[in-house]
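Right, one structure below, let's go through it.
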Amino acid sequence: MEPESASARPQRVALAGEIDLEGFRCAARRLLQQGVAPDDIEWTVAGAISTGLFAAADDAVSEGPSVTPAPAAGPSLRVPAEFMTLCADLVQHADTTRFHRLYRLLWRLQREPGLRDDALDPEMAEARRMAQTVRRERHKMKAFVRFREVDDAAGPSPAPPGPLHVAWFDPAHHVVEAVAPFFMRRFAGMRFAILTPERSVHWDGHTLRLAAGVGRQSAPPADAGEALWLTYYASIFNPARLKLKAMEKEMPRRYWTLLPEATLISGLAAHAQERSLRMVEQAPTQPLRRLASAGPKLPPQPAMQAAAPDAAHTLAAHRSAAAACRACPLGALATQTVFGEGPPGAALMLVGEQPGDQEDLQGRPFVGPAGQLLVRAMAQLGWPRAGLYITNAVKHFKYEPQITPRGKRRIHKTPAQREADACLPWLEREIEAVAPQAIVALGATAARQLLGRPVAVMRERGQWVHRSDGLPVLVTLHPSALLRMAPEEREAAYGDWLADLERASRYGRQPLAGDATDAPGGAQDATDGESPGQAR
């Protein structure tokens, strides 16, 4: 190219391809350094395909040499980083004036520094809109390409392993080369070809190459799996949720010819209202599988006082009945029901959330890691475990199975409120049979079930609150919460938790009900500085 004056014919710059960004950058840098105005340049495309990102193939379209001159020496030019991203998107637009637009913005950026921050500039706003259109087209290509398996008898010999899948797509912009690596990563183990009018992409499992475009007549016919797909699509179509305008916004009609299911949309949409009315008029569908029944009803409550002679028999009856409970799905999934443990007449009852993995296997509450921490705390406080009643708000272990390198592991999952409510009658029966003088709620689930309201444990911890029946409840953390803390925080948190539990020591150190030394509501223990008769 020979330089010409601005007053004569414009300078002609021939780029190597439709998305030759590097060629544009080199030419634009030289022209800016020479002070050539935007209107004195004519941008043209010399070739149809750029192979810069792909290995050349025998059937690929050959590229002629770029006629863009090397950049001239001179002061460096600086542009915002986001402008380079804008350039990368905009060169993929189908607008033939896109290179002129980009050069004009570069020209202005060198002379108008404030342009980079001017969100209302018409030329910059239009460039951003065009870039957004390109990004949307790339997204649509990823969403609406449909592969069909074809006979590869005419392919290379010997043919690579695996069937060949071919798709046809007609993009509105030059996005094929930019999107091709996505399909290469997404379908790395599948041989495929994506055919478009402008260029085609081929992946043989090892090499991604770009070839010439083809006509629509080269699109593959329907394969054996398409009828199955159309049957599935029609069966999941819900006429009551049809929003045709929203669907057309996400899947514009120009893409419908590319999608097998598009042949069904018009018919399904036309009868949507009629089908919706029929659905409303039909009787409810009866599920094929129902949850097991709630099991035997709870035995009638005996009239008893604290530590009544038949309290132990009543607890044994509750324990036996709870073993068959199916009021929620947890009973059928757990190894066994984990009922409470301890003597009737215990002055203090401790209530946790639910059994863990070890509790589910052994059938006893608080024997796992959290239980060991609780036993340690009780030993420091002087609470004999044999003199306390320990239970959980939920009687079955809820978990999620997880496959690990060492095999299957059961991960604790917090019970849902309906599951906790299904177990609430068993907890209330335990409270009536044991008749404790006070209860410690370990964690939010236990506190909610005992008090009948949501409890913010961190705000109410260490405080005595009262149930509707007047029974005092001390709220604190569940020991598993301490185990989940960072090691450096655990010791201080344990000390605070121990201080919470200390407030219940007047009950934790009492002998069983009926003992001569026991006096419910008697003198306060010297180590407890607060009376549970007053909620803080």
Side-chain angles (χ1 to χ4, degrees), residues 337-343 346-399 410 412 414-415 420 423 426-427 430-431 434 436-451 455 457-458 460-464 472-487 489-512 525 527-528 532:
T337 301
V338 182
F339 211 68
E341 180 179 88
L348 185 63
M349 174 185 284
L350 279 66
V351 181
E353 179 190 78
Q354 68 163 339
D357 181 74
Q358 290 301 310
E359 288 81 2
D360 178 66
L361 296 175
Q362 299 183 38
R364 297 182 59 204
F366 284 94
V367 293
Q372 294 170 16
L373 188 63
L374 180 62
V375 169
R376 171 188 164 189
M378 290 192 300
Q380 289 183 246
L381 294 170
W383 298 0
R385 175 162 182 155
L388 308 177
Y389 191 89
I390 302 176
T391 189
N392 285 293
V394 177
K395 309 304 182 187
H396 296 104
F397 179 35
K398 183 177 183 180
Y399 62 90
R410 304 191 302 176
H412 164 275
T414 302
C423 271
W426 301 113
L427 178 61
E430 287 180 293
I431 294 173
V434 175
Q437 297 177 29
I439 302 177
V440 174
L442 300 170
T445 300
R448 181 185 181 112
Q449 297 306 100
L450 288 167
L451 299 174
V455 176
V457 174
M458 295 307 295
E460 299 187 45
R461 63 176 297 184
Q463 301 183 31
W464 286 103
V473 176
L474 178 69
V475 177
T476 189
L477 302 177
H478 193 282
S480 63
L482 278 67
L483 298 178
R484 292 192 296 267
M485 294 181 178
E489 302 175 358
R490 195 172 298 160
E491 197 59 37
Y494 177 79
D496 294 340
W497 182 59
L498 202 63
D500 289 349
L501 296 175
E502 176 68 29
R503 296 178 182 275
S505 282
R506 64 173 297 188
Y507 302 102
R509 297 170 185 163
Q510 279 192 27
L512 295 180
D525 192 283
T527 60
D528 183 16

Problem - Distance in Å, Q510 CD paired with Q437 CD, rounded so as to fall on 0.5 Å steps - result: 4.5 Å
Handout entry: Close side-chain approach of L474 and Y507, heavy atoms under 4.5 Å
Key = no
Handout entry: Charged N-O contact under 4.0 Å between E353 and K395
Key = no
Problem - Straight-line distance of L381 CG to R503 CZ, nearest 0.5 Å - result: 12.5 Å
Exercise for the section: Please examine the side chains of V338 and F397, heavy atoms only from C-beta on, and report whether any two atoms are closer than 4.5 Å. Expected result: no
Practice task
Heavy atoms only: give me the nearest A420-T445 pair and the separation to one decimal.
Solution key: CB-CG2, 4.5 Å
Fill in the blank from the handout: For A393 and Q449, the nearest pair of non-hydrogen atoms, with its separation, is CB-CG, 4.1 Å
Practice task
State the CG-CG distance between N392 and L427, to the nearest 0.5 angstrom.
Solution key: 9.5 Å
Handout entry: Pairwise distance CD(Q358) to CD(Q372) - rounded to 0.5 angstrom
Key = 8.5 Å
Exercise for the section: Could you please spell out the steps behind the side-chain hydrogen bond (donor to acceptor under 3.5 Å, both in side chains) verdict for Y494 and Q380? Expected result: CA-CA 12 Å; Y494 177 79; Q380 289 183 246; 2.5 Å; yes
Handout entry: Heavy-atom side-chain contact between T391 and V434 under 4.5 Å
Key = no
Practice task
Check step by step if side-chain contact (heavy atoms from CB on, under 4.5 Å) holds for W497 and L373.
Solution key: CA-CA 11 Å; W497 182 59; L373 188 63; 4.2 Å; yes
Problem - Test side-chain contact (heavy atoms from CB on, under 4.5 Å) applied to L442 and V351, step by step - result: CA-CA 6 Å; L442 300 170; V351 181; over 6 Å; no
Fill in the blank from the handout: Taking every heavy atom of G387 against every heavy atom of A346, the minimum-distance pair comes out as O-CB, 3.4 Å
Fill in the blank from the handout: Rounded to the nearest 0.5 angstrom, the CH2-CD1 distance for W464 and I439 is 9.5 Å
Practice task
Kindly determine whether E341 and Y389 satisfy side-chain hydrogen bond (donor to acceptor under 3.5 Å, both in side chains), including the steps that lead there.
Solution key: CA-CA 6 Å; E341 180 179 88; Y389 191 89; over 6 Å; no
Practice task
Taking all heavy atoms of G508 and all of P384, pick out the closest pair and write down the distance.
Solution key: O-CD, 3.6 Å
Practice task
Output yes when R461 and D496 qualify as a salt bridge under the 4.0 Å nitrogen-oxygen rule, no when they do not.
Solution key: no
Completion exercise
From the list V475, T476, V440, side-chain contact (heavy atoms from CB on, under 4.5 Å) with D500 holds only for T476
Problem - Check: L483 main-chain N/O paired with R490 side-chain donor or acceptor under 3.5 Å - result: yes
Practice task
Could you please spell out the steps behind the salt bridge (charged side-chain N to carboxylate O under 4.0 Å, His left out) verdict for E460 and R448?
Solution key: CA-CA 12 Å; E460 299 187 45; R448 181 185 181 112; over 6 Å; no
Handout entry: Main-chain N/O of L388 paired with W383 side-chain donor or acceptor, under 3.5 Å
Key = no
Exercise for the section: Report yes if some heavy atom in the side chain of P436 is under 4.5 Å from a heavy atom in the side chain of L348; otherwise report no. Expected result: no
Practice task
Taking the side chain as every heavy atom from C-beta outward, state whether M378 and L501 have any pair of such atoms under 4.5 Å apart.
Solution key: no
Exercise for the section: Begin from the C-alpha positions of H478 and F366 and carry the test ring pair (Phe, Tyr, Trp, His ring centres under 6.0 Å) through to its verdict. Expected result: CA-CA 11 Å; H478 193 282; F366 284 94; 5.6 Å; yes
Completion exercise
One should read off an interatomic distance between F339 CZ and R364 CZ, to the nearest 0.5 angstrom, of 15.5 Å
Problem - Flag side-chain contact, heavy atom, 4.5 Å: L374 against L350 - result: yes
Handout entry: Check: I390 main-chain N/O paired with R385 side-chain donor or acceptor under 3.5 Å
Key = no
Practice task
May I have the step-by-step check of side-chain hydrogen bond (donor to acceptor under 3.5 Å, both in side chains) for Q354 and E359, ending in yes or no?
Solution key: CA-CA 9 Å; Q354 68 163 339; E359 288 81 2; over 6 Å; no
Exercise for the section: Could you tell me which non-hydrogen atom of P415 sits nearest to which non-hydrogen atom of V394, and how far apart they are? Expected result: CG-CG2, 3.9 Å
Handout entry: Close side-chain approach of I431 to M349, heavy-atom, < 4.5 Å
Key = yes
Problem - Contact summary for G352 and A446, nearest pair of heavy atoms - result: O-CB, 3.4 Å
